[in-house]
Q: 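Right, I'll just put the structure down here and ask away after.
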Amino acid sequence: VKKLLADQKFEKCGPNTLTEPDDILREYEMIRKQGYAISDEEVAPMVVGASVPVFNQRGEVKGCLACAFLKSDDKEEKLQRFIMLFQQGA
């Protein structure tokens, strides 16, 4: 993963886009530990998203469940609700 990231140039798409390989690697580690990912204006301004991995019987990641929505005052409640639903469904 480090080599793949080192060979890429990342452009800022939203106010919180990660563009440095070390920052991206830290984000990957946090995602692995918590079991889900949250994107808060990383892809585009005012866009928030959540995703969880889908594993097969051998524990290999085979896909993900994800959603994105426009940022609003109830962002945190929406994120927690989607993560809970996705984890139940994955």
Side-chain angles (χ1 to χ4, degrees):
V1 173
K2 288 181 183 180
K3 169 113 173 74
L4 181 66
L5 290 175
D7 293 341
Q8 301 296 315
K9 182 178 186 318
F10 298 95
E11 294 183 30
K12 208 158 191 55
C13 302
N16 297 325
T17 303
L18 300 177
T19 58
E20 296 299 321
D22 287 341
D23 294 337
I24 295 168
L25 288 170
R26 278 192 291 280
E27 180 81 1
Y28 287 168
E29 183 61 32
M30 185 176 70
I31 291 166
R32 276 189 218 94
K33 286 180 182 176
Q34 64 190 18
Y36 60 87
I38 292 176
S39 172
D40 188 351
E41 297 189 283
E42 292 177 29
V43 176
M46 297 301 295
V47 176
V48 178
S51 64
V52 301
V54 175
F55 298 96
N56 66 12
Q57 290 94 351
R58 294 187 301 266
E60 301 166 326
V61 175
K62 291 299 180 179
C64 74
L65 297 173
C67 69
F69 54 91
L70 292 176
K71 194 170 189 174
S72 60
D73 290 340
D74 61 346
K75 168 190 84 160
E76 291 301 323
E77 293 85 16
K78 284 182 182 178
L79 285 169
Q80 294 310 313
R81 186 175 35 183
F82 280 122
I83 290 166
M84 182 188 68
L85 290 170
F86 289 166
Q87 287 174 329
Q88 291 172 353

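For reference, positions follow the sequence shown, starting with 1.
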Q: Got Ile24 and Val1 here, is their nearest side-chain heavy-atom distance under 4.5 Å?
A: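 Side-chain contact under 4.5 Å: no.
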Q: With salt bridge (Lys or Arg N to Asp or Glu O under 4.0 Å) as the criterion, how do Arg26 and Asp22 come out once you've worked through the C-alpha distance, each side chain's angles and the decisive distance to 0.1 Å?
A: CA-CA 6 Å; Arg26 278 192 291 280; Asp22 287 341; 5.1 Å; no
Q: I need the Lys78 NZ to Asp73 CG distance, nearest 0.5 Å.
A: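 Rounded to the nearest 0.5 Å, the NZ-CG separation comes out at 9.5 Å.
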Q: Does the side chain of Glu29 reach to within under 4.5 Å of the side chain of Lys33, using non-hydrogen atoms?
A: yes
Q: Are Val54 and Phe82 co-members of a hydrophobic cluster defined by side-chain heavy atoms under 4.5 Å apart?
A: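 Yes.
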Q: Minimum heavy-atom separation for Pro53 and Gly35, please, with both atom names.
A: CD-O, 3.4 Å
Q: Is it the case that over 12 heavy atoms from other parts of the model lie below 6.0 angstrom from the NZ atom of Lys12?
A: yes
Q: Mind listing the side-chain donor-acceptor pairs of residues 62-72 below 3.5 Å, one per line with the distance, residues two or more places apart or on another chain?
A:
residue: Lys71; atom: NZ; partner: Asp40; partner atom: OD1; Å: 3.1
residue: Lys71; atom: NZ; partner: Glu41; partner atom: OE1; Å: 3.1
residue: Ser72; atom: OG; partner: Asp74; partner atom: OD1; Å: 2.4

Q: Can you see which heavy atom on Ile83 is nearest to which on Ala50, and at what distance?
A: CG1-CB, 4.0 Å
Q: Calculate, to the nearest 0.5 Å, the distance between atoms CD and CZ belonging to Glu76 and Arg81 respectively.
A: 12.5 Å
Q: At their closest point, which heavy atom of Arg58 faces which heavy atom of Asn56, and how far apart are they?
A: N-OD1, 2.9 Å
Q: Which residue, Thr17, Leu5, Leu18, forms the side chain to side chain contact (heavy atoms under 4.5 Å, CB included) with Phe10?
A: Leu5
Q: Do Asp23 and Glu27 come close enough that some side-chain heavy atom pair is under 4.5 Å?
A: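 No, every pair of side-chain atoms sits at 4.5 Å or beyond.
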Q: For Met46, which fellow cluster members are found when Ile, Leu, Val, Met, Phe, Trp and Tyr are connected by side-chain heavy-atom distances below 4.5 angstrom, either directly or through intermediates?
A: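 Direct or chained contacts put Met46 with none.
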Q: Would you give the length of the straight line joining atom CD of Gln80 to atom OH of Tyr36, rounded to the nearest 0.5 angstrom?
A: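 Output value for this atom pair is 5.5 Å.
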